[in-house]
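No hydrogens, no waters, no symmetry mates; every other heavy atom, side chains included, goes into these values. Quick note: residue numbers are just sequence positions, from 1.
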Amino acid sequence: MQIGVKIMTTQHTLKLIRPGEGKTISVNGGQIIFKVAVAEHDAAEAALIEIMTPPGGGAPLHRHTSETFYVHAGSFEFFGAQPEETIQATAGDYIHIPPGVAHGYKNVGETRGRLLIVTVSAWFQNFLEDLAAVEGPLDMKRMVSVGQKHGIEMLG
C-alpha cells in the first residue's frame with residue numbers, strides 16, 4: 001500500500017494523504033489519525049488530526065491554546081464552562097476555540113462521529129500520544145497528570 005503521494009515543485013513538496021493514511025493511535029475508545037503531524041510539516045507549525053469518536057465519547061471540560069474543529073460526520077455537543085455556552089454541531093459545521101477558553105465535546109449521535117482538528121505546534125499531538133500510552137483505564141486523575149505536562153488544564 002502506498003503511503004502518501006509526493007509531487008515535487010521547484011520550491012515545495014505537495015503531499016497527498018489518502019483515507020486511512022497517517023499515524024493512528026487509540027485513546028479512550030476513539031481512533032485518532034495524525035494526517036499532518038507537526039514534525040512532518042515544515043512550512044508552519046500546524047497539525048491536522050482526524051478523530052473518530054464513539055457514541056457518548058468525547059473530551060471533558062479543559063482549556064489550552066486555540067484549536068479549530070470541523071465536524072465531518074455525526075452529531076456533537078460542544079460545551080463551555082456555563083450551560084448557555086453549549087452548542088450542537090453536525091456535519092459541515094466549524095467550531096473555533098480561542099486560546100484559554102474552557103471547552104469540551106461529546107458525540108451525542110447514535111453512530112461513530114468524525115472530527116477534523118487543526119492545532120498549532122506539537123502540544124496537542126504530544127498530549128494525545130501520551131494519553132494513548134497510559135496503561136489501564138484512562139480516568140480523570142491520569143488525564144490531569146498528562147494534561148499538566150502539555151499545558152492543558154483539565155477542568156472536569
Side-chain angles (χ1 to χ4, degrees), residues 1-6 15-81 89-91 93-156:
M1 179 170 143
Q2 184 178 13
I3 307 265
V5 175
K6 291 187 178 185
K15 184 175 181 182
L16 171 63
I17 303 152
R18 299 212 182 264
E21 293 181 349
K23 179 180 178 180
T24 302
I25 61 174
S26 295
V27 174
N28 217 25
Q31 182 181 33
I32 298 167
I33 304 171
F34 298 104
K35 293 302 202 178
V36 178
V38 173
E40 298 171 4
H41 196 279
D42 59 356
E45 291 192 2
L48 177 62
I49 301 166
E50 181 178 11
I51 297 183
M52 288 172 274
T53 307
L61 190 66
H62 62 284
R63 78 172 118 228
H64 49 68
T65 61
S66 67
E67 67 186 330
T68 300
F69 294 85
Y70 173 75
V71 179
H72 189 271
S75 298
F76 288 86
E77 182 176 271
F78 286 81
F79 51 89
T90 58
D93 289 339
Y94 282 89
I95 300 90
H96 178 70
I97 312 294
V101 172
H103 65 284
Y105 67 87
K106 181 178 182 178
N107 177 351
V108 295
E110 296 180 13
T111 60
R112 181 172 273 227
R114 190 165 150 207
L115 297 171
L116 298 178
I117 300 175
V118 177
T119 64
V120 294
S121 76
W123 66 270
F124 189 59
Q125 175 183 325
N126 294 336
F127 168 70
L128 291 172
E129 287 176 340
D130 284 355
L131 280 181
V134 170
E135 293 183 20
L138 189 57
D139 58 18
M140 185 54 74
K141 183 178 178 183
R142 289 179 173 174
M143 288 185 77
V144 167
S145 176
V146 173
Q148 286 174 340
K149 178 179 173 186
H150 298 285
I152 299 170
E153 181 183 4
M154 304 305 284
L155 303 170

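- Atoms NE2 and CZ, on His96 and Phe69 in that order, are 10.5 Å from each other to the nearest 0.5 Å.
- Proximity of a side-chain donor or acceptor of Arg142 to a complementary backbone N or O of Glu135 within less than 3.5 Å is detected.
- Going from atom OG1 of Thr65 over to atom NE2 of His150 covers 12.5 Å, rounded to the nearest 0.5 Å.
- If you take CD1 on Ile25 and CD1 on Ile32, they are separated by 4.5 Å, rounding to the nearest 0.5 Å.
- One distance of note links NE2 of His72 with CE of Met52; it measures 10.5 Å at 0.5 Å rounding.
- Among all heavy-atom pairs drawn from Ile95 and Ala89, the shortest one is CD1-CB, 3.7 Å.
- A donor-acceptor contact under 3.5 angstrom links the side chains of His103 and Glu67, judged on distance only.
- Scanning both residues, Ser26 and Ala132, for their nearest heavy atoms gives O-CB, 3.4 Å.
- With contacts defined as side-chain heavy-atom distances shorter than 4.5 Å, the pair Phe127/His64 does not qualify.
- Side-chain contact between Arg112 and Gln31 is present, with heavy atoms from C-beta onward closer than 4.5 Å.
- Panel note: side chain Asp130, backbone Val134; no donor-acceptor pair is recorded below 3.5 Å.
- Closest non-hydrogen pair, Glu21 versus Leu16, comes out as OE1-O, 4.0 Å.
- Here the CG atom belonging to Leu116 is positioned 5.5 Å from the CD atom belonging to Glu50, to the nearest 0.5 angstrom.
- Between Tyr70 atom OH and Asp93 atom CG the span is 8.5 Å, to the nearest 0.5 Å.
- Residues Tyr105 and Ile51 meet the side-chain proximity criterion, which asks for heavy atoms closer than 4.5 Å.
- Thr53 has its side chain within reach of Phe76: a pair of non-hydrogen atoms, C-beta onward, lies under 4.5 Å apart.
- The minimum heavy-atom distance between Gly109 and Pro55, with the atom names listed, is O-CB, 3.4 Å.
- In this structure, Lys23 contributes its side chain and Lys35 its backbone to no donor-acceptor pair below 3.5 Å.
- When every heavy atom of Pro54 is checked against every heavy atom of Gly30, the shortest pair comes out as CD-CA, 3.9 Å.
- At a threshold of 4.5 Å between non-hydrogen side-chain atoms, the residues Leu115 and Val71 count as touching.
- Salt bridge status for Arg63 with Glu153: present, with a side-chain N to carboxylate O gap under 4.0 Å.
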